[in-house]
Amino acid sequence: MIQSINSQRRVAAIHDISGFGRCSLTVIIPTLSAMGVQTCPVPTAVLSTHTGGLGEVAMRDLTDFIPAALEHYKNLHLDFDAVYTGFLGSQAQIDHCLEFFKAFPKALIVVDPVMGDHGKPYKTCDKALQQRMGELVRAADIITPNLTEAYILLGQDYDFGPMTHSHAKSLLARLSEKGPSMVVITGVQLATGEMANIGYDRNRGAYWYVPCDYVPVSYPGTGDIYASVLVGSILTGDSLSLAMGRASSFVELAIKTTFSYGTDTRYGVMLENALPWLTHKEILKNFKIL
Ligand code: PXL
């Protein structure tokens, strides 16, 4: 008898859920679902909004929920194809993520080391938490820092000047030496004048970049969307360069759509308008060799 092949992938997503402002789990779940990937959220905290300028945030910490959920999943003998972490609020949450990684040794470990942006760490991410984020990075297969986070992880002063290709490659290689075999850095200004997302696949010895159009606004949650498309693409069979192309194209579409309406940037991107694009499985070739 021919049995149907169930190739659907399953991800444990350990992130907070911010009710308003389109970031963290409110964008991660729909993005991965649209790509045909089952997402099992492990909420680390519930917030009324993100922490990017919307006033006093109502928050309930769920740190203790993480090990409780892990225990249940172990009892169920569940398997995950990937464990994917992002914004974290305390060192205890880092410990619990490390326990999750240990419990699923075959899973792809994806760490989006959310710590800051525009050259500054977030108020919630002190020096001790930054250090501990380094432990998650060491355990990861794939990391997706923005340029600010890349410099924090390397313990280096920020340098936002235009970057030569060799400098870009050296940043990627040095981050990969910490553990992850795939490193993607978002929001890099190249010396050629292009804005780009850059990536390194150590197993292939290949460096890539995907140029993106500059739009003079910044929205919360775009890093979460980018990393989620990257995870979904890799889990469904894309190479790193194709996954970077898909993630960049989608985020650019969401940003340009939103910018065209001129909505309050704190409300995030109009993900709902852009999502249908993700269900097309077209092959993209918009990456270049770095
Ligand atoms: O998108 C990252 C993020 C996640 N969660 C919360 C945030 C932010 C960025 O500001 O505030 C609560």
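Indexing begins at 1, ligand by ligand and atom by atom, following the structure's order.
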State which residues pass salt bridge (Lys or Arg N to Asp or Glu O under 4.0 Å) with Asp157; sequence neighbours excluded, sorted by chain then number.
none
Looking only at distances, can you tell me whether any N or O atom of Asp224, backbone or side chain, sits closer than 3.5 Å to an N or O atom of ligand 1?
yes
Short side-chain donor-acceptor distance under 3.5 Å, Ser248 and Asn197:
yes
Would you check if there is a donor-acceptor pair between the side chains of Thr39 and Tyr84 at a distance under 3.5 Å?
no
Can you tell me which residue and heavy atom of the protein come closest to atom 3 (C) of ligand 1, and the distance to 0.1 Å?
Phe87 CD1, 3.7 Å
Summary of ring-ring contact (aromatic ring centres under 6.0 Å, His included) pairs that have at least one residue in residues 216-246, sequence neighbours excluded
none
Do Gln93 and His96 have side-chain atoms, one donor and one acceptor, less than 3.5 Å apart?
no
Part of Leu47 with heavy atoms under 4.0 Å of ligand 1, whether side chain, backbone, both or neither:
side chain
Is Ser18 close enough to touch ligand 1? Criterion: a residue heavy atom under 4.0 Å from a ligand atom.
yes
Looking only at heavy atoms, is any part of Thr51 under 4.0 Å from ligand 1, and if so is it the side chain, the backbone, or both, or is it neither?
both
Go through ligand 1 atom by atom and flag the ones less than 4.0 Å from a non-hydrogen atom of Asp16.
4 (C), 5 (N), 6 (C), 12 (C)
Have Asp112 and Thr144 got a donor and an acceptor in their side chains that come within less than 3.5 Å?
yes
Show me which atoms of ligand 1 lie under 4.0 Å from any heavy atom of His50.
7 (C), 11 (O)
